[in-house]
Novice: 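Submitted below is the structure of interest, expressed as structure tokens.
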Amino acid sequence: MTNTQHKSPPNASGLISDAKTAGKISIRNVSKTYDPDGVNVLALDDCSLEIQAGEFCVIVGPSGCGKTTLLNAIAGFHDITSGQIDLDGELLCSKDKQAEPGADRIVVFQQGALFPWYTVLENVVFGPSVQGKMSGPKAKKAAEDILAQMGLQGILHSYPSEISSGMRRRVEIARAMMNDPKILLMDEPYRAMDALTKTIMHKNLLDVYDRSGKTVFFITHDLEEAIFLGTRVVVMTTRPGKIKKIIDVDLPRPRDFRILASEHYLELKKEAIESVHEEAKKAFEAGERELA
Ligand code: ADP
Ligand code: MG
């Protein structure tokens, strides 16, 4: 990857906008209690976090500490019990208002969500053309541009079942980018992948990030992945989840695998491991099981 990609203009379709001005998330004193069958489960406890527009914010923490709960609140999949979350200064959700899921906050799921009966190109076109944002031919051209930028031009007419899981995940990111979201929400998207496939996924995601400047909210268990990708790594406490520590990852971009051997990367990784380990130990002692 070269530096020039940082400075690329918006693509021909205009889809990848200057997103640095959009996608700021303010999480203020957010708590969430689940109440299944009258048993209260406090998942999030007074969480506050500012995520800047264009930041690659990575959330780590023990299983069951409330990471997915936080992502789901932003995505609009469920409500919060107190506090509020703003998007670009406007109220997204509070205890009285659940966010609506929207094309400005696209979730890339771990299990994948491509339509098996559509080709790769059709899958990517599907989002915007269904929402009526763009005419069919314009959407097709934009999809072809985005898929080409991501090196996927060779599989336009393949079906999801004909390509690898890594390719499918890349197609999902292309489809998400077609919606020109303000924020990409990613919940352990590479969890089930082997180390080598992950490195390819990381490079591809960082290319997209460097080019688009979208805000990314990324959950992972993998601390190497967290430091390699993130602008900041936010460590959550064991349940009830609070923000325990924020690690500024001041490694230069564009990043490539060589930074994995740098002293500073190793220092940051050590800091993250120590912080998460402390919480994992507490979770273990409290008898929390592996949940995710
Ligand atoms: P993480 O993603 O960090 O592993 P989650 O946000 O999925 O954690 O879960 C946080 C806590 O909330 C866990 O104790 C989990 O069991 C509980 N929880 C999650 N979803 C529900 C639900 N729908 N009903 C009841 N409890 C839930
Ligand atoms: Mg989870």
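Counting convention: from 1, in listed order, for ligands and their atoms alike.
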Novice: Test side-chain hydrogen bond (donor to acceptor under 3.5 Å, both in side chains) on Glu55 and Thr231; report intermediate values, then the result.
Specialist: CA-CA 6 Å; Glu55 176 174 350; Thr231 313; 5.4 Å; no
Novice: For His277, does the NE2 atom sit with more than 12 other heavy atoms under 6.0 Å from it, leaving out its own atoms?
Specialist: no
Novice: Going by distance only, is there an N or O of Gly66 that falls short of 3.5 Å from an N or O of ligand 1?
Specialist: yes
Novice: Hey, is there an N, O or S on Thr69 sitting under 2.8 Å from the Mg ion (ligand 2)?
Specialist: no
Novice: Are Lys32 and Tyr34 in a cation-pi setup, meaning NZ or CZ lies under 6.0 angstrom from the ring centre and within 45 degrees of the ring axis?
Specialist: yes
Novice: For ligand 1 and Ala43, I'd like to know whether there is a polar contact (N/O to N/O, distance under 3.5 Å).
Specialist: no
Novice: Quick one, Tyr209 with Val216, criterion side-chain contact (heavy atoms from CB on, under 4.5 Å). Give me CA distance, side-chain angles, the key distance, then yes/no.
Specialist: CA-CA 8 Å; Tyr209 171 71; Val216 183; 3.8 Å; yes
Novice: Any nitrogen or oxygen of Arg239, main chain or side chain, under 3.5 Å from a nitrogen or oxygen of ligand 1?
Specialist: yes
Novice: Indicate yes or no: at least one non-hydrogen side-chain atom of Ile59 is less than 4.5 angstrom from one of Val234.
Specialist: yes
Novice: Below a 4.0 angstrom heavy-atom separation, can you tell me which part of His78, side chain or backbone, both or neither, approaches ligand 1?
Specialist: neither
Novice: So which of Ala283, Gly64, Gly61, Pro62 gets nearest to atom 13 (C) of ligand 1, if we judge by its closest heavy atom?
Specialist: Gly64
Novice: List ligand 1 atoms under 4.0 Å from Thr69, heavy atoms only on the residue side.
Specialist: 5 (P), 6 (O), 9 (O), 10 (C)
Novice: Looking at Cys65, which atoms of ligand 1 are within less than 4.0 Å of one of its heavy atoms?
Specialist: 1 (P), 3 (O), 8 (O)
Novice: If you count the non-hydrogen atoms of other residues, nucleotides and ligands that lie under 6.0 Å from NZ in Lys282, is the total more than 12?
Specialist: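 Check passes, neighbour count above 12.
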Novice: Ring pair (Phe, Tyr, Trp, His ring centres under 6.0 Å) for His202 and Tyr190? Distances and angles first, verdict last.
Specialist: CA-CA 9 Å; His202 292 161; Tyr190 308 135; 5.7 Å; yes
Novice: Using a 4.0 Å cutoff against the non-hydrogen atoms of Ser63, which atoms of ligand 1 qualify?
Specialist: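 Listed by number with element: 4 (O).
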